[in-house]
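Quick note: residue numbers are just sequence positions, from 1.
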Amino acid sequence: MPGGAVVTQEDGGSSAAVQDARASVLRVEGNGINVVADEERTSRPHQLFWPWFGANVSVLALSYGAFAFGFGISFAQAVVAGVVGIVLSFLICGFIALAGKRGSAPTMVLSRAAFGVRGNRLPAAISWLLMVGWETVLTVLATLATATVVRRLGWGGGTSTMVIALVLVAALIVLAGVLGYHLIIRLQTVITVVTAVLTVVYIVLVAGQVQLSTVTALPAGSGQNVLGAAVLLMTGFGLGWTNAAADYSRYLPRSASGRGVVAWTTFGGALAPVLLFVFGLLLAGSSTDLSEAIALDPIGALAAALPTWFLVPFVVVAVLGLVGGAVLDIYSSGLALLAVGLRVPRYVAALIDGVIMVIGTVYVVFFAGEFLGEFTGFLITLGVPIAAWCGVMLADIALRRGDYAEADLYSTSGRYGDVRPFPIVVVLVGTVLGWGLVTNTAAGWLNWQGYLLGPLGLGGRAGAWAGANLGVLVALVLAFVAALIGTRSAVRAQESRTS
């Protein structure tokens, strides 16, 4: 039933009454994983700029400059790796966002067309893990940054300061996640304006710390190291959002411009990270001490060069930028949890994720050690199966010529089937191959990875390809090609079916 709302038993929200488009942003969103009704699809492609820009205009992007130099590459190489990795990753988001306007359902429900209704539970579970992990990482960073600045101001410190910071940050994230889409769009608009202005002020204040001669004198690294940096940036930026890319475009009418969806998603997501990353390279390349400090506290370390009077505005810009990303994560992670099969209202799923987020933050802040190694290991490890899922999803979107059959997204006897073995096998094979081609030496619990680097003649875990993160690209490309070839006839059969 293309174009109409579908009432199902697994909506995770109220699918009976439709909210007025001008409803209060403080009203809990009724939509869960149901198809958004026609009269609610009132957004326009240019409005996608706000959630994507607001979620990515974070000073964390500055810290990625230090992460990139960790691969032993020059400034010019790092700029190329950053621009290519960031833009390409958000372009992929833009293509997946097309599914949202074609089906008006969340990303991990539309994924059922590729994997089957129950077969999709595996990628939905992986997606949920990644997004809960990301919202936890962002909450950790916001908590550490707040505590660092408070100590510099002499207002306190220690455990009590971090507990208060955690409570305030978590409360804002969970509140937005529970209330849902309308508050998030409004909140992201505010975050965009405030954070953009304060970030410009921050850049002006610390620009004097940049030593161009020092930055440009950094030696060049190998092509494998440049590739490794580019893949890390892909994974840390757009690739980590692909499994949520259609969650906001689902509020667009079917007649919305597909090119507009792709363009505004890519532009909104990539603009701030590219600019901030390049400036972050200039800062990190000018100071070895700053690069080392970022590994321990990626946000708080950026406050070291600031005058005292700007520390409070810096906390605002840092926390708002991180909250903007965490809000999108907790909203989409709740939808992914419903897509796995949990039968609760959407806001309850968001609350569950919020509790897990707080528990994870407490562990990292109060019990874990060095941050950067664990963070990188998390990104690359979960980035491999998500890249494989993304390849299958991109192929599925490219093969389809029409809108999704909405009712069949919720029926195991519909055209999309119950379990589609081939795409699932593709993801599993892509993951196994991918994990064999990445290494995470800074995270001891991941030393088992990289098991294919030796047998394939790539130098083993200590060779030239060890840091190239090749497994992410292999998983993405292999899954895309395999699905494009292996599912073509199945997609054509689905689209030719009339009921």
Side-chain angles (χ1 to χ4, degrees), residues 71 81 84-86 88-93 95-96 99 107-108 111 114-115 119-131 133-134 224 226-245 336 376-399 420-440 443 446-458 461 463 465-487:
F71 285 85
V84 172
I86 293 170
L88 178 60
S89 66
F90 280 109
L91 181 62
I92 293 173
C93 279
F95 285 126
I96 292 183
T107 313
M108 297 315 298
S111 177
F115 293 90
N120 187 63
R121 289 180 178 179
L122 175 61
I126 297 171
S127 173
W128 176 75
L129 283 172
L130 180 64
M131 286 186 285
W134 257 116
Q224 293 95 326
V226 176
L227 179 62
V231 174
L232 175 66
L233 291 162
M234 285 182 63
T235 310
F237 287 101
L239 196 60
W241 287 113
T242 54
N243 48 341
T376 304
F378 160 75
L379 282 181
I380 298 300
T381 299
L382 282 184
V384 169
I386 285 297
W389 167 84
C390 184
V392 173
M393 190 69 176
L394 285 171
D396 190 75
I397 292 170
L399 289 171
R420 296 184 61 197
F422 181 76
I424 295 172
V425 170
V426 167
V427 170
L428 293 176
V429 171
T431 299
V432 171
L433 292 177
W435 281 341
L437 294 170
V438 297
T439 58
N440 288 287
L446 296 173
N447 286 339
W448 54 270
Q449 294 178 351
Y451 44 81
L452 292 177
L453 291 169
L456 293 180
L458 297 175
R461 292 185 174 94
W465 288 95
N469 295 323
L470 193 61
V472 176
L473 290 181
V474 167
L476 176 65
V477 175
L478 175 68
F480 176 75
V481 173
L484 196 66
I485 297 172
T487 66

_Atom pair CZ/CD1 of F237 and I86 - distance to nearest 0.5 Å_ = 4.5 Å
*Taking only residues two or more places apart in sequence or in another chain, which ones pass side-chain hydrogen bond (donor to acceptor under 3.5 Å, both in side chains) with T107?*
D247
_Under the rule for side-chain hydrogen bond (donor to acceptor under 3.5 Å, both in side chains), what residues qualify as partners of S127, not counting sequence neighbours?_
N243
_Test side chain to side chain contact (heavy atoms under 4.5 Å, CB included) applied to A125 - qualifying residues, sequence neighbours left out_ = V340
*F480 side, atom CZ; D396 side, atom CG - distance, nearest 0.5 Å*: 11.0 Å
*asked:* Give me each pair satisfying salt bridge (Lys or Arg N to Asp or Glu O under 4.0 Å) with a member in residues 467-482, each pair once, sequence neighbours excluded.
replied: none
*Grab the two heavy atoms, one from V392 and one from F115, that are nearest each other, plus how far apart they are.*
CG1-CZ, 3.6 Å
*What's the spacing between W465 CH2 and L437 CG if we round to 0.5 Å?*
10.5 Å
*So, for G430 and L478, which heavy atoms are closest and what is the spacing to 0.1 Å?*
CA-CD2, 4.4 Å
*Taking only residues two or more places apart in sequence, or in another chain, which ones meet V226 in a side chain to side chain contact (heavy atoms under 4.5 Å, CB included)?*
I73, Q77, A81
*Looking at L232 and F71, what are the two nearest heavy atoms and their distance?*
CD2-CE1, 3.6 Å
*For T242, all residues meeting side chain to side chain contact (heavy atoms under 4.5 Å, CB included), sequence neighbours excluded*: I92, C93, I96, L239, I386, W389, C390
For residues 420-427, run the donor-acceptor check on the side chains, cut-off 3.5 Å, and write out each pair with its distance to 0.1 Å, sequence neighbours left out.
from: R420; atom 1: NH1; to: A113; atom 2: O; distance (Å): 2.8
from: R420; atom 1: NH1; to: A114; atom 2: O; distance (Å): 3.0

*About how many Å separate CD1 of I126 and CE of M108, when rounded to the nearest 0.5 Å?*
8.5 Å
*Which distance, rounded to the nearest 0.5 Å, do you find between the OG1 of T439 and the CG of L453?*
6.5 Å
*Just jot down the ring-ring contact (aromatic ring centres under 6.0 Å, His included) partners of W435, sequence neighbours excluded, or say none.*
W448
*Answer whether the closest heavy-atom distance between the side chains of V231 and V438 falls below 4.5 Å.*
no
*List the atom of R461, the atom of Q449, and the distance in Å for their closest heavy-atom pair.*
NE-O, 2.7 Å
*In chain order, what residues pass the side chain to side chain contact (heavy atoms under 4.5 Å, CB included) check against A99, with sequence neighbours excluded?*
L110, M393, I397, Y404
*Say you draw a straight line from CE of M234 to CG of N469; how long is it, rounded to the nearest 0.5 Å?*
11.0 Å
